[in-house]
Number of protein chains: 2
Amino acid sequence: MSPASKPPQRRTLTTDKVVAEAMRLADAEGLEGLSMRRLAGALGVTPMSLYNHVAGKEELLDAMVDAVVAQIDSPEIDGDWRAMMRRRALSMREVLMRHRWASIPLISRMTSGAAILRDTNATLGCLVTAGFTYPQADWARNAIDNHVYGYAFQEVNYPVDPEGYKAAASRFLPRIPASEYPFLHEAARQIAEARYDGITRFEFGLDLILDGLEAWKDAE
Amino acid sequence: MSPASKPPQRRTLTTDKVVAEAMRLADAEGLEGLSMRRLAGALGVTPMSLYNHVAGKEELLDAMVDAVVAQIDSPEIDGDWRAMMRRRALSMREVLMRHRWASIPLISRMTSGAAILRDTNATLGCLVTAGFTYPQADWARNAIDNHVYGYAFQEVNYPVDPEGYKAAASRFLPRIPASEYPFLHEAARQIAEARYDGITRFEFGLDLILDGLEAWKDAE
DNA sequence: ACCTGAACACCGTTCAAGT
DNA sequence: ACCTGAACACCGTTCAAGT
């Protein structure tokens, strides 16, 4: 029971450390760079020892997704619903830009960690308190989240900097002959010329949805 | 040069057959059931012979996604934009229900097969012809597609039949104590009770977006 | 031209064994 | 209680060889 009697095992790993290192790996190299074996290597441990702290790779991914959701600014339940939805959406976008691997598992895994439950509860709560019915609140959340996910996903996959943009355009445009795809060709040309306006466009679409929700709510 | 001189090779495989069998496999067992080796087995061939017809698994997935997109009713360029966007969205939903594995790769791969280029060209063309600017048309398509993808994805992952619904709810509700997540708990309860109204909800959200686009278009 | 066998460099995970 | 070595059952893909 004295400190010196501490057993010889390394005692280095915890679930939190495993999840944190997995997120660091995914941040650095993307999801396809994350394997249990590489993760173990990064932690200086054999692959199998990970299974003492996470049940498997699926559960690890769920935990990573939940850790991402934990970072978003959830609505305050008594706050102005529109301001709160706006703040949450902007925060989600920012978090998804920070963890560029997260959009896909966030969309594609039906997971329910503590942070996700908390955020969903707060979001529905804010909308219901503002006067939406439960089904309406459920739909409103879906509409907003679909926008955020879809947009974030695009932003992650398209080149942001002007040079990258130009390069991608010149790599892409030849595949779109004006004779066969006149509208697509012109759209690509205009987009290739425009400067990047990520947040503006994001907020534009977001406000479109919020307008729709407001009208919908008042209409009934 | 006579028919009898036909060489002994089986000559069974073509790219189209490989893609078609891959889709059948994915339809039946999901994307995680689709491996190059299993696909080869289903075609009665060694894994390596597939590489004579597709460059690799990534390209195979791209081809599968394009084959899915080829099935959707693209807009007619001179048609009423709202009716055409509506028809396209309903068709996309239907196709994504038929190929339940397709939502995720359709969202997450930045691919540009012939069918995708064609559909994008037709969609932008219809909107631009109706009076949207190119950037507006681009955004409009994104908004609609995000809705379709997000919704289809949900519909694929949630149980449709009442029994499955009930089972999922009773498996889920205990994880959501009313004390900690009062709003989420009540939402889950109401949703668990409601009968499934997939298409209605889909069209509701779609019309919300189309209303927003119409207002937006008229406003400038 | 198309298909194959053998091999390479990976995976996630189990299980019995160590301390 | 935690970590390990060895093994199992898979992957995608390359390459030289067959016909």
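Excluded from the calculations below are hydrogen atoms, water molecules and symmetry mates; all remaining heavy atoms, backbone and side chain alike, are included. Labels below follow one simple rule: chain letters A, B, ... track the order of the sequence lines, proteins then strands, and each chain is numbered from 1.
The pair B:R141-B:D119 does not count as a salt bridge, with every side-chain nitrogen at least 4.0 angstrom from each carboxylate oxygen. For the pair A:R109 and A:D66, the salt-bridge criterion is not met [side-chain N within less than 4.0 Å of a carboxylate O]. Salt bridge status for B:E155 with B:R100: absent, with no side-chain N to carboxylate O gap under 4.0 Å.
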Tabulate protein N/O versus nucleotide N/O from nucleotides 13-17 of chain D, keeping only pairs under 3.5 Å, one per line.
residue	atom	partner	partner atom	Å
D:dT13	OP2	B:Y51	OH	2.8
D:dT13	OP2	B:K57	N	2.9
D:dT13	O5'	B:Y51	OH	3.4

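Seen from the ring of A:F202, A:R93 counts as a face-on cation partner, given the 6.0 Å and 45° thresholds.
Straight-line distance between the P atoms of C:dC10 and D:dA9: roughly 22 Å, to the nearest whole Å.
Between A:Q71 and A:H99, some side-chain heavy-atom pair lies under the 4.5 Å cut-off.
The phosphate of C:dC3 has OP1 or OP2 within less than 4.0 Å of a side-chain N or O from B:H53. Residue B:S49 places at least one side-chain N or O closer than 4.0 Å to OP1 or OP2 of C:dT4.
Rounded to an integer number of Å, the gap from CG of A:L50 to C1' of D:dT4 is 12 Å. Spacing between atom CG of A:L43 and atom C1' of D:dC2 amounts to 15 Å, rounded to whole angstrom units. Nucleotide C:dC11 holds its P atom 12 Å from the CD atom of A:E32, rounded to whole Å. In this structure, the NZ atom of B:K17 is 14 Å from the C1' atom of C:dC2, given to the nearest Å.
Residue-environment remark: CZ (B:R175) stays at or below the threshold of 12 foreign heavy atoms within 6.0 Å.
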- Message: Once pairs are restricted to Watson-Crick or G-U wobble with both distances under 3.5 Å, how does DNA chain C read as a dot-bracket string, [ ] for crossings and | for other-strand pairs?
- Response: ||.|||||...|||||.||
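Counting only distance, with no hydrogens or angles, the side chain of B:K17 and the backbone of B:T12 share a donor-acceptor pair below 3.5 Å.
Within the structure, the salt bridge (charged side-chain N to carboxylate O under 4.0 Å, His left out) test picks out the following pairs touching residues 29-48 of chain A (sequence neighbours left out): A:E29-A:R38.
Closest approach to the B:N52 side chain among C:dC2, D:dC2, C:dC11 is made by C:dC2 (side chain taken as heavy atoms from C-beta onward). For B:T46, the listed nucleotide lying nearest its side chain is C:dC3; candidates were D:dC3, C:dC3, C:dG12.
Defined by atom type and a distance below 3.5 Å, a donor-acceptor pair is missing between the side-chain atoms of A:S74 and A:R118.
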